[in-house]
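Every chain is numbered from 1, with letters handed out A, B, ... down the list of sequences.
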2 protein chains.
Amino acid sequence: MWQDQTRCAQGGMTALCAASEQIRTFARTAQQIRAGTVILQDGDEFDKVILVVDGWLSSSKSFEDGEAQIIDFILPGDILYATNGDGTTVGLTLEAITDARVSIVPVRTWQTMLKASPDLARAVGRIRAAAQARTSERLLRLGKGSAPMRIAFAILELSLRLRSLGHDMEETFHLPLTQKAIGDYTGLSSVHVCRTMRRLVRHNIIETSDHIDIRILDLAALSEIAGIDVERLEQEITPTAA
Amino acid sequence: MWQDQTRCAQGGMTALCAASEQIRTFARTAQQIRAGTVILQDGDEFDKVILVVDGWLSSSKSFEDGEAQIIDFILPGDILYATNGDGTTVGLTLEAITDARVSIVPVRTWQTMLKASPDLARAVGRIRAAAQARTSERLLRLGKGSAPMRIAFAILELSLRLRSLGHDMEETFHLPLTQKAIGDYTGLSSVHVCRTMRRLVRHNIIETSDHIDIRILDLAALSEIAGIDVERLEQEITPTAA
DNA sequence: TGGGATCATTAATCCAGGTTAATCCAGCCG
DNA sequence: CGGCTGGATTAACCTGGATTAATGATCCCA
């Protein structure tokens with residue numbers, strides 16, 4: 001399902017590719033990563049920029065006891081600045097959830113590219129801003145939201161992000177995630193994720209098939225539960241072409 | 001207490017000021033803001049960059065019912081990119097917690113400055129990276145951490161940030177925050193903030209005076225509870241001079 | 001074709017933290 | 001000096017979600 005976004009000109013990389021010839025080069029030379037591969041470990045030395053061409057990645061942090069929190073999902077067209085304030089180490093564990101293709105760009109090169117193309121710089125700014133807005137929304141819900149709100153929000157957030165990659169919101173969409181992963185993303189136990197999603201299904205708000213293919217039946221109800229206005233959220237968390 | 005960081009050459013602006021003459025100019029022309037002033041409202045049109053010269057700000061989001069979550073505290077030397085992915089609106093409410101001084105820089109100007117000074121660009125990159133690392137740590141704790149962990153972490157995080165502004169960690173430090181605000185930051189009710197802090201006091205881990213002047217008595221125990229290694233956290237969340 | 005894996009689902013039980021409300025304390029103002 | 005206000009503190013009670021555990025459903029592989 002995700003394999004069809006391999007060319008730069010389509011899918012999530014549109015904005016970036018339009019902006020810079022060099023990005024297209026990087027996209028072509030992206031390296032293939034197997035699902036499940038850990039690309040970076042929290043604490044590693046690493047100071048490069050990661051460009052996702054295709055597939056889903058997750059960035060997460062965890063405690064020694066193994067409890068993990070997914071910080072963000074990184075989708076095609078996203079850019080990850082994983083480096084800490086010290087400029088030399090990373091504070092995230094980065095893992096490929098599906099098979100993926102990523103380009104790893106040295107900061108030096110990256111900076112040169114940004115300087116060379118104001119369009120690219122603007123696009124990148126938007127992408128970072130969108131990521132930050134997403135994080136703020138999620139922080140709000142982790143701090144103050146109920147389980148149904150967190151789940152509803154996660155579904156809407158991901159479906160909007162997929163939409164901006166060219167998927168249709170009316171359609172069923174596939175999340176390459178276990179309920180455990182959704183729990184790690186929303187700060188809930190997998191059991192409670194299940195309960196909560198089942199409840200949404202029983203109320204005919206969403207429909208699931210194959211356990212994790214989701215279709216939104218009642219968008220109004222779902223956004224009510226999530227505590228958002230869909231148009232507004234889309235503006236916030238989707239990078240607009242500059 | 002915070003009024004002594006008014007000149008650019010000292011306090012939190014050191015890194016930035018060292019990097020660029022123009023920043024010094026901005027710092028000198030910073031505008032004075034009264035404690036309690038709401039500088040930006042979630043949803044406002046705004047696309048500038050905000051530089052904090054002096055004082056504490058908070059960025060927050062809230063639900064219609066008034067439940068608020070503080071996304072971050074913004075301290076002297078910090079830079080706030082508040083704009084959403086659409087490039088025109090903000091997704092945060094920005095408020096001055098104490099009297100403050102901030103410079104508001106148009107993106108255009110800002111970009112020019114960054115281009116002109118690679119040192120400044122690097123410093124800004126570090127500052128943004130530090131902010132992101134902070135957010136990740138907090139996301140982890142909001143999702144998976146207990147109340148004591150969240151409180152201990154907040155205390156340590158803020159004391160480290162103050163340390164990087166020149167305060168001494170051994171000393172008592174003042175947080176210009178009510179327990180309600182700490183709750184909004186940690187995703188807890190003010191009552192539970194109180195309970196939890198009292199417990200830390202009873203165990204001689206911290207000491208409080210005037211309700212919210214804090215002194216860390218047992219750093220080892222506190223970082224144990226917070227689930228961190230102090231040195232490591234400091235590297236992550238403190239922007240290193242480039 | 002029959003185990004093993006890995007996940008989803010559901011029910012039973014428990015507890016961390018929310019809620020409510022009463023009390024206290026300090027600063028402030030008339 | 002007395003009342004008022006905004007916070008901190010504490011206790012009593014309740015609930016949402018964690019935990020545990022049992023049961024299914026798929027898929028994989030020998």
>> Tell me which pairs pass side chain to side chain donor-acceptor pair (under 3.5 Å) where either residue lies in residues 214-226 of chain B, with sequence neighbours left out.
In response: none

>> B:T37: which residues meet the side-chain contact (heavy atoms from CB on, under 4.5 Å) condition with it, sequence neighbours left out?
In response: B:I33, B:R34

Could you go over nucleotides 7-17 of chain C and give all protein N or O partners under 3.5 Å, atom names and distances?
unit_1, atom_1, unit_2, atom_2, d
C:dA8, OP1, A:Q179, N, 3.2
C:dA8, OP2, A:Q179, N, 3.1
C:dA8, O3', A:H211, ND1, 3.0
C:dT9, OP1, A:R198, NE, 3.3
C:dT9, OP1, A:R198, NH2, 3.3
C:dT9, OP2, A:Q179, NE2, 2.6
C:dG17, OP1, B:A147, N, 2.7

>> Please list, in numerical order, the residues of residues 61-74 of chain B that have a heavy atom closer than 4.0 Å to any atom of DNA chain D.
In response: none

> Looking at residues at least two apart in the chain, or sitting in another chain, which of them share a side-chain contact (heavy atoms from CB on, under 4.5 Å) with A:E171?
Replying inline: A:D168

>> Under the rule for side-chain contact (heavy atoms from CB on, under 4.5 Å), what residues qualify as partners of B:D213, not counting sequence neighbours?
In response: B:T172, B:H174, B:S209, B:D210

>> Do A:N84 and A:T89 pair up side chain to side chain, a donor and an acceptor below 3.5 Å, judged on atom types alone?
In response: yes

>> Test of understanding: with side-chain contact (heavy atoms from CB on, under 4.5 Å), list the residues that count as partners of B:S189, not counting sequence neighbours.
In response: B:V191, B:H192

>> Show every salt bridge (Lys or Arg N to Asp or Glu O under 4.0 Å) that has at least one partner inside residues 186-200 of chain A, sequence neighbours left out.
In response: none

>> Could you work out, with salt bridge (charged side-chain N to carboxylate O under 4.0 Å, His left out) as the rule, every residue matching A:D72, not counting sequence neighbours?
In response: A:R134, A:R161

>> Can you give me the first and the last nucleotide of DNA chain D (5' to 3') that has an atom within less than 4.0 angstrom of a non-hydrogen atom in chain B?
In response: D:dG7 to D:dA12

> For B:E95, which residues count as a salt bridge (charged side-chain N to carboxylate O under 4.0 Å, His left out) partner, sequence neighbours excluded?
Replying inline: none

Pairs of donor and acceptor atoms involving the side chains of residues 136-151 of chain B, under 3.5 Å and at least two apart or interchain, shall be tabulated with distances.
unit_1, atom_1, unit_2, atom_2, d
B:S136, OG, B:Q132, O, 3.1
B:E137, OE1, B:R141, NH1, 2.7
B:E137, OE2, A:K61, NZ, 3.2
B:R138, NE, B:Y185, OH, 3.3
B:R138, NH1, B:Y185, O, 2.9
B:R138, NH2, B:I70, O, 3.2
B:R138, NH2, B:I71, O, 2.5
B:R141, NE, B:A226, O, 3.0
B:R141, NH1, B:E137, O, 3.1
B:R141, NH2, B:A226, O, 3.1
B:R141, NH2, B:G227, O, 3.2
B:K144, NZ, A:A68, O, 2.6
B:K144, NZ, A:D184, OD1, 3.1
B:S146, OG, B:M149, N, 3.4
B:R150, NE, B:R141, O, 3.3
B:R150, NE, B:G145, O, 3.1
B:R150, NH1, B:T186, O, 3.0
B:R150, NH1, B:G187, O, 3.4
B:R150, NH2, B:L142, O, 3.3
B:R150, NH2, B:G145, O, 3.3

